[in-house]
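Here the structure is laid out as structure tokens; the discussion comes afterwards.
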Amino acid sequence: MKKIIITIDGPAASGKEKISKYISKKYKLKHLDSGILYRQLAFYFFTNKIDSDDVNQIKKKILKINQISFRNSKKIRTQEISRFASKIATYDTVRYFINKLQHDFVNKNKKIRGFVVDGRDIGSVVFKNANLKLYIEVNSEIRAKRRYKQLIDSGEKSIYPKILKEIKLRDKQDKLRKHSPLIVPKGAFVISNNGTFKETIEEITKLVEKNL
Ligand code: C5P
């Protein structure tokens, strides 16, 4: 039986993760957050003191990695790792490595009826033939405000202008890179997440029910 695939792409802090979690739970699908893989890889290079600009060293080291954790954790969510992940995500070797991990994961989980995969290139490159493709759009000021509130609520120190600057920098890096830049994938529905989560989810569930 062919597996159901829903792809959710969009910029940093657009709410993809929360939406993906909700949709995967509601429709009994497995959620795969591809950003975690970029972050885990970035964390690995960072802790092994490899410079994010040293593409040759990264190419050499990546050949020796046989396993990457798919698990989320606080240590891969720092601004430093976000920046590092976004930098190495510009290298085609890294993208090829992570794309393969995602395909292997889907093929390996034979009993699962389908997946919700979120990231930056999922509908445009990784799962081009997905059943439903979504692209989440939110303006950068709203994203920065939400991220700022999240950090403050979790007891971390945070400065709004700094967060806005980081978000804009990551957008630039993700949208302007040569390999698999962040775009609206062909055939994707563009969903505005500028309003409430409830409004966004209502729009998405209608699309899921119509398209699956
Ligand atoms: O989604 P998240 O912010 O966790 O992703 C971290 C970084 O990994 C992004 O800024 C982006 O540069 C990169 N990424 C990517 N392609 C994906 C997922 C993440 O380039 N499919």
Side-chain angles (χ1 to χ4, degrees), residues 5-24 31-46 52-53 55 58 62 68-106 115-128 130 133-138 140 142-144 146-148 150-151 154 158 162-186 188 191 193:
I5 307 255
I6 299 177
T7 64
I8 306 191
D9 289 294
S14 55
K16 298 184 303 287
E17 194 193 349
K18 194 170 169 192
I19 295 168
S20 303
K21 280 203 170 115
Y22 182 93
I23 294 297
S24 52
H31 175 210
L32 171 54
D33 177 346
S34 62
I36 290 180
L37 303 175
Y38 285 91
R39 287 174 182 274
Q40 287 286 5
L41 195 59
F43 185 78
Y44 170 81
F45 289 136
F46 181 73
S52 61
D53 289 321
V55 62
I58 286 177
I62 218 167
I68 280 284
S69 167
F70 282 62
R71 225 173 286 147
N72 203 358
S73 69
K74 220 173 168 182
K75 67 175 196 245
I76 63 164
R77 294 272 146 206
T78 64
Q79 295 288 354
E80 207 156 31
I81 296 298
S82 300
R83 225 174 297 133
F84 201 115
S86 193
K87 177 71 200 179
I88 63 166
T90 61
Y91 304 143
D92 59 344
T93 321
V94 166
R95 305 207 68 86
Y96 179 77
F97 177 78
I98 288 180
N99 292 358
K100 187 171 179 311
L101 284 181
Q102 294 179 78
H103 280 281
D104 288 350
F105 182 79
V106 165
F115 297 81
V116 177
V117 190
D118 76 275
R120 306 289 193 289
D121 62 340
I122 310 302
S124 55
V125 177
V126 188
F127 295 109
K128 274 189 189 165
K133 299 181 189 182
L134 305 173
Y135 182 90
I136 313 297
E137 213 167 51
V138 190
S140 48
I142 293 184
R143 284 187 278 143
R146 287 178 184 164
R147 180 54 52 94
Y148 173 76
Q150 244 175 24
L151 290 168
S154 67
S158 178
K162 202 170 158 219
I163 296 210
L164 182 61
K165 203 171 146 205
E166 288 279 351
I167 279 183
K168 285 188 172 166
L169 175 74
R170 276 218 281 157
D171 281 0
K172 205 168 142 198
Q173 242 167 14
D174 291 344
K175 288 181 179 170
L176 298 182
R177 69 178 172 228
K178 189 169 151 220
H179 306 291
S180 317
L182 171 65
I183 54 162
V184 177
K186 205 167 161 225
I191 310 289
N193 191 22

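One is the number of the first residue; the rest follow in order along the sequence. These numbers were taken from a predicted model, which means no experiment stands behind them. Whatever order the structure lists ligands and atoms in, that order sets their numbers, starting from 1.
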[X] side chain near [Y] side chain, heavy-atom distance below 4.5 Å:
| X | Y | result |
| --- | --- | --- |
| F115 | F105 | yes |
| V94 | Y38 | yes |
| P11 | L182 | yes |
| S34 | V126 | no |
| L41 | I68 | yes |

Shortest protein contact, [atom] (heavy atom only):
| atom | answer |
| --- | --- |
| atom 17 (C) of ligand 1 | R120 N, 3.3 Å |
| atom 11 (C) of ligand 1 | D174 OD1, 3.4 Å |
| atom 16 (N) of ligand 1 | R95 NH2, 2.9 Å |
| atom 19 (C) of ligand 1 | Y38 CD1, 3.5 Å |
| atom 18 (C) of ligand 1 | S34 OG, 3.3 Å |

Judged on heavy-atom distance to [atom], which of [options] sits nearest?
| atom | options | result |
| --- | --- | --- |
| atom 2 (P) of ligand 1 | R39, R83, K87, E166 | R39 |
| atom 7 (C) of ligand 1 | G35, A85, P11 | A85 |
| atom 3 (O) of ligand 1 | K16, R170, R77 | R170 |

Under-4.0 Å heavy-atom contact with ligand 1, by part of Q173 that carries it: neither
Part of I122 with heavy atoms under 4.0 Å of ligand 1, whether side chain, backbone, both or neither: side chain
Pair N72-R77, side-chain donor/acceptor within less than 3.5 Å: yes
More than 12 heavy atoms from other groups under 6.0 Å of CZ on F70: yes
Heavy atoms from other residues, nucleotides or ligands near CZ of F46 exceed 12 (cutoff 6.0 Å): no
Could you list the atoms of ligand 1 found under 4.0 angstrom from a heavy atom of [X]?
| X | answer |
| --- | --- |
| R177 | 12 (O), 15 (C), 20 (O) |
| A89 | 12 (O), 13 (C), 20 (O) |
| D121 | 16 (N), 17 (C), 21 (N) |
| S86 | 10 (O), 12 (O) |

Non-hydrogen atom of E17 closer than 4.0 Å to ligand 1: no
Closest heavy-atom pair and its distance - H31, S24: CB-OG, 3.5 Å
Verdict with reasoning, R177 to D121, per salt bridge (Lys or Arg N to Asp or Glu O under 4.0 Å): CA-CA 12 Å; R177 69 178 172 228; D121 62 340; 5.4 Å; no
N/O separation below 3.5 Å, D118 to ligand 1: no
Contact check: D33 vs ligand 1, nitrogen or oxygen atoms, below 3.5 angstrom: no
Chi angles and distances behind the salt bridge (Lys or Arg N to Asp or Glu O under 4.0 Å) call for R170, E166: CA-CA 6 Å; R170 276 218 281 157; E166 288 279 351; 5.9 Å; no
